[in-house]
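To start, the structure under review is shown below, and the notes come after it.
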Amino acid sequence: MKHLMNPLDLSVEEMDRMFDLAGDIERNPEKYSHICDGKRIATLFYEPSTRTRLSFESAMLNLGGQVIGFPDGGVSSAAKGESVADTIRVVSCFADICAMRHPKEGAPYVAAEFSKIPVINAGDGGHQHPTQTLTDLLTIRSLQGRLDNFTVGICGDLKFGRTTHSLVNALARYKGIRFIFISPPELRIPDYITEMLSSKDIEFSEVIKLEDSIADLDVLYMTRVQRERFFNEDDYVRLKDFYVLTQEKLRNAKESMLILHPLPRVNEISVDVDSDPRAAYFKQVQYGVYVRMALILTLLGLVPEEYNA
Ligand code: NCD
């Protein structure tokens, strides 16, 4: 049985096939509206979420399936002390597939070990968020027509931002990708990621000021400072408004640059940027539904013949 813990669990070819399928879902939604009749997804969310949980639920409903789950560990038996291993053994009796978000790094991996159904990591602490990466890549591919030969700027909380860790892992497999990591020194991208890039001879640089590199970028990936992962509030307050993208700062950016953000946004993108044609963060949310539909079909073995090369 296949689970999805990290974007690297899928080969580049498997991802490309999933993006083709997501494109077909976008163009022909009615063709997919009953493939999951009688199937259920369980959404087990021990951490807050709007987009990820609701997009998994929308994805399953769009496929004709049903949804069970909880939006908060506090209303589940976790509050009575039940382990993730026991919860997933129970949920395996109720659902066909499960998406789990958990504040502890590795919790969905434990679930996968004890599960009888495919488990999708919907974000584990400050570690990985593979389905956000599928969303990000599908957005870039759909709007720019390719996934190679880009200079990608990733800005904000690169230490705790799990979306950035998964995104770098996945993009590093495409040709001609160059990364510019833009963060305050305290929120640098983890060493294990820069070591992976160096070992593969992938070009990257680390800078503090967004203004210095914005003109070089083909994609600007903004992120929120992850308040919930800070050890003290003073550090969070000091760093939270370190970056604020405004129309003024975009003056030097390329006309074709894509602005992405996994959302939620706090202050890091001014609302005056929302109407800029380069702002793609709300389109990204819609692509997140298509790609999760494609993922559910893939993990349940229900992909239509023509995409199962
Ligand atoms: C992200 C997450 O949960 O890691 N949100 C999301 O899933 N779209 C980013 C964040 O919370 O800042």
Side-chain angles (χ1 to χ4, degrees), residues 4-7 41 43-59 69-73 98-109 119-140 153-171 181-184 186-187 189-190 193 219-230 235-236 239-245 258-269 274 279-293 295-296:
L4 183 69
M5 296 292 119
N6 185 307
I41 190 168
T43 51
L44 312 182
F45 276 60
Y46 297 83
E47 248 196 1
S49 170
T50 299
R51 267 150 301 275
T52 306
R53 186 172 62 85
L54 298 184
S55 65
F56 269 116
E57 298 189 352
S58 301
F70 49 81
D72 172 0
C98 144
M100 176 182 284
R101 168 169 288 188
H102 203 286
K104 287 210 180 105
E105 285 83 1
Y109 292 74
V119 177
I120 302 167
N121 178 2
D124 62 325
H127 186 217
Q128 297 284 328
H129 192 345
T131 62
Q132 182 63 47
T133 296
L134 293 175
T135 303
D136 303 337
L137 297 194
L138 177 63
T139 306
I140 298 171
I154 306 187
C155 177
D157 184 348
L158 312 188
K159 178 177 181 183
F160 297 115
R162 55 194 173 197
T163 60
T164 68
H165 308 156
S166 289
L167 181 64
V168 177
N169 273 352
L171 267 179
F181 298 121
I182 307 154
S183 73
E186 297 90 332
L187 298 178
I189 193 95
I193 294 189
V219 176
L220 171 58
Y221 195 88
M222 294 296 294
T223 63
R224 165 181 78 92
V225 175
Q226 307 275 301
R227 176 183 206 156
E228 65 277 33
R229 312 215 190 279
F230 272 71
D235 284 348
Y236 168 71
L239 294 168
K240 72 181 172 64
D241 293 327
F242 205 91
Y243 301 107
V244 182
L245 183 66
L258 279 186
I259 308 166
L260 301 183
H261 191 311
L263 302 178
R265 150 183 61 187
V266 185
N267 282 329
E268 58 281 354
I269 302 183
D274 296 356
Y281 30 93
F282 290 113
K283 289 187 193 149
Q284 215 175 327
V285 177
Q286 182 64 63
Y287 287 118
V289 179
Y290 301 138
V291 89
R292 288 184 175 93
M293 290 171 74
L295 176 65
I296 290 170

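Just follow the structure's listing: the first ligand is 1, and inside any ligand the first atom is 1.
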Determine yes or no for a side-chain-to-main-chain donor-acceptor pair under 3.5 angstrom, with [X] supplying the side chain and [Y] the backbone.
X	Y	result
E47	F45	no
D157	Q226	yes
R101	A122	yes

Worksheet item: Tell me: protein heavy atom nearest atom 8 (N) of ligand 1, and distance?
Response: P262 O, 2.9 Å
Worksheet entry | ligand 1 N/O within reach of R162 N/O, cut-off under 3.5 Å | yes
Worksheet item: Going by distance only, is there an N or O of Q226 that falls short of 3.5 Å from an N or O of ligand 1?
Response: yes
Practice prompt. Using salt bridge (Lys or Arg N to Asp or Glu O under 4.0 Å) as the criterion, list what pairs up with R51, not counting sequence neighbours.
Written response: none
Practice prompt. Check whether any heavy atom of P264 sits under 4.0 Å from an atom of ligand 1.
Written response: yes
Practice prompt. Could you tell me how the ring of Y109 sits relative to the ring of H127: parallel (under 30°), tilted (30 to 60°) or perpendicular (over 60°)?
Written response: tilted
Item to complete: Determine the interplanar angle of the Y46 and F70 rings, folded into 0 to 90°, and report it as parallel if under 30°, tilted if 30 to 60°, perpendicular if over 60°.
Response: perpendicular
Discussion item. Applying a heavy-atom cut-off of 4.0 Å, say which part of E47 lies close to ligand 1: side chain, backbone, both or neither.
Written reply: neither
Fill in: Numbered atoms of ligand 1 (with element) below 4.0 Å of R224, judged on heavy atoms
10 (C), 11 (O), 12 (O)
Discussion item. Minimum distance, heavy atoms only, to atom 6 (C) of ligand 1: which one of V266, D136, L263 is it?
Written reply: L263
